[in-house]
Amino acid sequence: MAKLLKDGEDFDPTKLESLLVARPLLEMMALLEEQQSDPSAFSEDELLPTLLPVVIDLNFKFAGGLDGAKESVKNLLKQHGVKEGPSDGETIHQRKTKLSTQYVFATLSSATIRFLAAYMLDGGCGGGDVKSSSQREVFAIWPDFKLDSHIHRTVSTVKAGAARTSFRAEGAGIVWAVVDSGISGDHWHFKRHGNLDLSGFDQSIRHMDFTQDWADLDGLSEEERKKAIAAEQKASLTDEFGHGSHVAGIIAGEYITDEANGWTGSGAKPNTDLTFKNKAFVYYRRRTEDDGVAFDQARKSRLSSISPRTKLVSFKVLDENGAGEVSNVIAALAQIQAINEYGRYMRIHGVNLSVGYPFNPEWFACGQSPLCVEVDRLVKSGVVVVVSAGNSGYGTKQTLMTRKVRAGMLMTINDPGNARLAITVGSTHSEKPHEFGPSFFSSKGPTGDGRLKPDLLAPGERIISCGAGVSAEDKGRPQDRDRLYLDQSGTSMAAPHVSGAIAAFLSVRREFIGQPERIKEIFTDSATDLGRDRNMQGSGMLDLMRAIQSV
């Protein structure tokens with residue numbers, strides 16, 4: 001929340017001083033130590049867990065290299081009583097750490113964090129003999145930030161229907177990763193085109209779950225390996241929270257009853273051997289006269305995504321409560337790098353990140369957080385990364401004349417939307433973007449260091465897509481849940497419109513595969529200007545038809 005500075009509350013230059021332990025983590029440690037000394041002074045909502053999840057950023061300048069730095073840090077922590085692998089106490093997260101070359105992910109006590117920092121600075125001696133940069137294995141220790149989870153009519157809004165009719169731009173042959181709360185593998189939306197069926201690919205591409213520290217596959221027998229992969233795939237294709245399924249259903253998939261698809265019951269069925277006899281159930285949220293929540297129900301014969309034939313890979317990073325750590329996403333992005341052989345063989349063409357956390361300029365330079373850095377690296381390797389801008393574009397301001405007032409908020413782009421090379425997407429109205437412009441809640445630019453963000457707008461208000469998990473509970477009969485659709489709002493819904501549009505574009509303009517910066521240029525140059533301030537609308541609203549025709 002923006003506020004006026006009080007007398008004496010001017011800029012504090014110490015905020016810019018170099019720290020081995022990042023300032024937000026120091027603040028969390030101080031609060032944890034304070035609550036441990038006097039728990040009664042804190043309410044239950046204010047209490048922090050006794051152990052803190054951290055991201056240990058390894059030092060590129062270390063004389064032993066990154067591999068040597070990682071092993072040294074792990075050994076040092078183990079000597080201090082930290083276990084590697086699943087543990088109720090202090091632990092090194094084995095799988096995520098293995099996937100990342102630059103980071104060690106762990107859950108540590110405040111005392112262990114202080115021990116590690118002291119050891120890196122002076123060998124723990126405290127004698128003032130500070131190590132040189134080439135002697136330190138660790139560059140910085142960050143908190144493992146908690147993530148927030150940030151269509152049938154919007155297909156025509158972004159001109160995906162016209163592109164499908166004119167160019168057969170349906171996403172065939174394109175693979176998109178959905179880094180979210182999982183995707184419901186039972187939902188019929190993904191069955192007609194087999195969007196979640198990865199059997200035609202080599203085993204390097206598979207659905208994965210980063211919310212658990214799964215056993216290392218190395219050293220397992222073939223039978224054990226198959227069982228472990230099957231168990232993880234089942235977890236990643238289960239969406240208890242419902243957010244990831246809704247996002248995925250905007251990108252790809254399609255539900256069409258046989259009758260609506262032109263099949264009368266005789267002859268060969270079009271497109272599929274599956275039977276789609278019954279209409280889908282759609283629930284629209286509304287407010288009651290006493291400000292409660294109610295739902296209106298409708299039946300639909302056809303519900304389509306932006307790019308119906310695109311293959312989807314579920315990388316689960318949020319749990320059943322929609323919670324997760326940044327390290328889950330960093331590990332998922334590292335896995336994509338490995339799958340694509342670091343840009344040498346493009347198996348996954350794009351990533352949708354409708355997750356993030358608010359950026360605080362006191363923590364680190366804008367766009368330079370570990371997550372933003374990994375996003376930019378992935379783009380440099382040839383992968384398109386589409387990110388939601390965040391939903392923090394509206395709040396309260398305090399003025400001398402009116403005191404607190406509700407107002408739009410500039411400089412509210414969330415990480416990783418601050419990443420320079422990401423395509424950061426804000427929200428607009430689903431049917432009347434020219435009339436209503438950017439959504440009031442959509443995070444607005446510029447970035448903290450003055451760059452233009454968001455890059456594009458796309459529909460993000462009351463978007464209809466797949467219902468799953470807690471969002472689908474108590475709606476209709478249990479046997480109908482696999483064809484249930486809900487409306488949701490947020491930049492989380494806007495970003496997959498852009499992901500789907502780019503997947504459709506690449507399916508007919510395949511020469512641009514592996515050129516994400518050129519793709520970003522094409523889509524921003526062809527966007528529709530809504531006549532709003534560029535810090536709110538970026539380059540304008542997504543236009544798939546114009547993007548295809550521009551090259």
Side-chain angles (χ1 to χ4, degrees), residues 151 154-155 157-164 166-180 195 247-253 304-313 333 336 340 346-354 375-376 378-389 416-417 419 421-427 454-460 463 491-528 538-551:
I151 71 179
T154 57
V155 168
T157 303
V158 300
K159 299 184 184 175
R164 199 175 304 168
S166 302
F167 296 99
R168 295 283 294 175
E170 298 181 329
I174 300 302
V175 181
W176 217 263
V178 178
V179 180
D180 215 289
N195 304 99
V247 166
I250 298 169
I251 299 172
S304 182
S305 65
I306 303 299
S307 183
R309 295 181 183 273
T310 295
K311 290 286 187 181
L312 298 174
V313 184
L333 301 187
I336 294 169
N340 286 348
M346 302 302 296
R347 293 182 175 94
I348 294 179
H349 306 105
V351 178
N352 191 91
L353 283 170
S354 288
V375 166
D376 282 344
L378 188 58
V379 174
K380 281 295 186 182
S381 75
V383 179
V384 178
V385 182
V386 179
V387 181
S388 55
L421 300 181
I423 299 176
T424 305
V425 185
S427 169
D455 299 295
L456 289 170
L457 294 182
I463 305 301
T491 58
S492 284
M493 284 67 248
H497 280 81
V498 175
S499 287
I502 296 176
F505 172 88
L506 289 175
S507 69
V508 296
R509 295 286 187 264
R510 301 188 67 83
E511 65 268 33
F512 292 102
I513 289 175
Q515 300 183 48
E517 293 180 76
R518 178 73 177 107
I519 290 167
K520 181 176 180 178
E521 182 181 287
I522 290 168
F523 274 82
T524 53
D525 287 351
S526 61
T528 301
S539 296
M541 193 189 70
L542 170 70
D543 189 319
L544 175 56
M545 190 71 171
R546 191 181 294 146
I548 294 175
Q549 291 176 310
S550 70
V551 292

Roughly how far, to the nearest 0.5 Å, is [atom2] of [Y] from [atom1] of [X]?
| X | Y | atom1 | atom2 | answer |
| --- | --- | --- | --- | --- |
| Leu312 | Ser305 | CG | OG | 8.0 Å |
| Arg518 | Asp525 | CZ | CG | 7.5 Å |
| Met346 | Gln515 | CE | CD | 10.5 Å |
| Thr157 | His497 | OG1 | NE2 | 7.5 Å |
| Ile423 | Ile519 | CD1 | CD1 | 7.0 Å |
| Ser307 | Ile251 | OG | CD1 | 9.0 Å |

Could you pull out the closest heavy-atom pair between [X] and [Y], with the gap in Å?
| X | Y | result |
| --- | --- | --- |
| Asn195 | Pro308 | ND2-O, 2.8 Å |
| Gly417 | Thr424 | O-OG1, 2.7 Å |
| Ala527 | Gly540 | CB-C, 3.8 Å |
| Ala504 | Leu544 | CB-CD2, 4.0 Å |
| Val178 | Ala248 | CG2-CB, 4.2 Å |
| Ala495 | Ser388 | CB-N, 3.8 Å |

Is any side-chain heavy atom of [Y] closer than 4.5 Å to one of [X]?
| X | Y | result |
| --- | --- | --- |
| Arg347 | Val175 | no |
| Leu542 | Val425 | no |
| Ser550 | Ile522 | yes |
| Ile306 | Val155 | yes |
| Ile548 | Arg509 | yes |
| Ile174 | Ile513 | yes |
| Ser507 | Arg309 | no |
| Val385 | Leu421 | no |

- Task: Please report the C-alpha distance between Val247 and Met493 in whole Å, then the side-chain angles of each, then the deciding distance to 0.1 Å, and finally whether the side-chain contact (heavy atoms from CB on, under 4.5 Å) criterion is met.
- Result: CA-CA 6 Å; Val247 166; Met493 284 67 248; 4.2 Å; yes

- Task: For the residue pair Phe523 and Phe505, categorise the inter-ring angle as parallel (less than 30°), tilted (30 to 60°) or perpendicular (more than 60°).
- Result: perpendicular

- Query: Partners of Arg164 by side-chain hydrogen bond (donor to acceptor under 3.5 Å, both in side chains), sequence neighbours excluded?
  - Reply: Ser304

- By side-chain hydrogen bond (donor to acceptor under 3.5 Å, both in side chains), which residues pair with Ser499, not counting sequence neighbours? Trp176, Asn352

- Note on the structure: Sorted by chain and number, sequence neighbours left out, side chain to side chain contact (heavy atoms under 4.5 Å, CB included) with Ser526 holds for Arg546, Ala547

- Decide, yes or no, whether a salt bridge links Glu517 with Lys520 under the criterion of side-chain N to carboxylate O below 4.0 Å. no

- Query: Are more than 12 heavy atoms from other residues, nucleotides or ligands located less than 6.0 Å from atom CZ of Arg510?
  - Reply: yes

- Message: For Glu521, is there any backbone N or O sitting under 3.5 Å from a side-chain donor or acceptor partner on Thr524?
- Response: yes

